[in-house]
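Shown next, in structure tokens, is the structure this report addresses.
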Amino acid sequence: MTTHTDTPTTVEYAPEQPARLEWAKHAPEVYKAMVRLETAARKGLDHKLYELVKIRASQINHCAFCIDMHTKDALASGESVERIVQLSAWDESRHFYTAKEIAALELTEAVTVLTDGFVPDEVYDNAARHFEEAELAQVIAAITVINAWNRFGVTCRMAPGHYEPGQYK
């Protein structure tokens, strides 16, 4: 990195926090069950929609590890940088997404946050208009699974930045 005078400078970043616990190592059967659940949840879903849902839930849950992973996987599968960047403000950037993707993002937020203890009827009904029942069940499963992964990630403080696209497939 250089300054405006072309004098080299060094940037000192904050140190990476170590993981609190390598939970998968200590609970391998739970990890294997989660991987099987993940595999089942993604069946039949459009890959780009699937990754958008995973990124958005991970943003809401502040899971830096999962944001890193799913952003890299989305980019590797051809998703645009612009749509990923706008995802944190998707409601104000609706013109970047299809009606079906918006319905999935609304549902992702409602399932992830559950502020009122339930998913509002209008959110569910909108999703039901855009997805066949079997696909809607898969979207709900994908949202549920990423929320579970996020809980492991933030609780155990899994560090972002080391994931390579497709690493866990």
Practice task
Identify, with sequence neighbours excluded, every residue that meets ring pair (Phe, Tyr, Trp, His ring centres under 6.0 Å) alongside F152.
Solution key: W23
Problem - Residue pair R20, M158: steps toward the side-chain contact (heavy atoms from CB on, under 4.5 Å) verdict - result: CA-CA 8 Å; R20 288 179 174 153; M158 296 172 68; over 6 Å; no
Exercise for the section: Under the side-chain contact (heavy atoms from CB on, under 4.5 Å) rule, what do E122 and D125 come out as? Steps first, then yes or no, please. Expected result: CA-CA 5 Å; E122 61 273 8; D125 292 344; 5.7 Å; no
Exercise for the section: Please answer: with hydrophobic residues joined when any side-chain heavy atoms are less than 4.5 Å apart, are I143 and Y124 in the same cluster? Expected result: yes
Fill in the blank from the handout: Rounded to the nearest 0.5 Å, the CZ atom of R36 sits from the OG1 atom of T39 at a distance of 9.5 Å
Problem - L75 with Y163, same ILVMFWY side-chain cluster at under 4.5 Å - result: no
Handout entry: Heavy-atom neighbours of E16 CD exceed 12 at 6.0 Å
Key = yes
Handout entry: Exercise: identify the closest heavy-atom pair between I146 and H70
Key = CD1-NE2, 3.7 Å
Exercise for the section: Consider only side-chain heavy atoms of I, L, V, M, F, W and Y, link residues closer than 4.5 Å, and tell whether V53 and Y97 are in one cluster. Expected result: no
Practice task
State the OG-CD1 distance between S58 and I67, to the nearest 0.5 angstrom.
Solution key: 6.0 Å
Exercise for the section: Could you pull out the closest heavy-atom pair between G161 and D68, with the gap in Å? Expected result: N-OD2, 2.9 Å
Problem - Intermediate values then yes/no, side-chain contact (heavy atoms from CB on, under 4.5 Å), L21 and T155 - result: CA-CA 9 Å; L21 175 70; T155 302; over 6 Å; no
Practice task
Would you give the length of the straight line joining atom CD of Q59 to atom SG of C66, rounded to the nearest 0.5 angstrom?
Solution key: 12.0 Å
Handout entry: For R129, side-chain hydrogen bond (donor to acceptor under 3.5 Å, both in side chains) partners two or more places apart
Key = N126
Handout entry: Path from F96 to I102 over hydrophobic side-chain contacts below 4.5 Å
Key = yes
Handout entry: Basic-acidic side-chain contact under 4.0 Å: E51, K48
Key = no
Practice task
Establish, from distance only, whether the side-chain atoms of H130 and E106 form a donor-acceptor pair under 3.5 Å.
Solution key: no
Practice task
List the atom of A103, the atom of A127, and the distance in Å for their closest heavy-atom pair.
Solution key: CB-CA, 3.9 Å
Handout entry: salt_bridge(E135, K100) N-O dist < 4.0 Å
Key = yes
Problem - Point-to-point distance, once rounded to the nearest 0.5 Å, from CZ of R42 to CG of L37 - result: 11.0 Å
Handout entry: Distance-minimising heavy-atom pair for C63 and V154
Key = CA-CG1, 3.6 Å
Practice task
Specify the closest pair of heavy atoms between T108 and T112, including all atoms of both residues, with the distance to one decimal.
Solution key: O-OG1, 2.6 Å
Practice task
Any chance you could measure L87, atom CG, to K54, atom NZ, to the nearest 0.5 Å?
Solution key: 13.5 Å
Problem - Any donor-acceptor pair under 3.5 Å from Q17 side chain to A159 backbone - result: no
Completion exercise
The reported gap from CG in N147 to CG in N61 (rounded to nearest 0.5 angstrom) is 5.0 Å
Completion exercise
All heavy atoms of S93 vs all of Q86, minimum pair found to be OG-OE1, 2.6 Å
Practice task
Any chance you could lay out the side-chain contact (heavy atoms from CB on, under 4.5 Å) test for R56 and E109, step after step, and finish with the verdict?
Solution key: CA-CA 8 Å; R56 185 62 193 130; E109 293 205 2; 2.7 Å; yes
Exercise for the section: Treating Ile, Leu, Val, Met, Phe, Trp and Tyr as nodes and any side-chain heavy-atom pair under 4.5 angstrom as an edge, say whether L49 and L105 lie in one connected cluster. Expected result: no
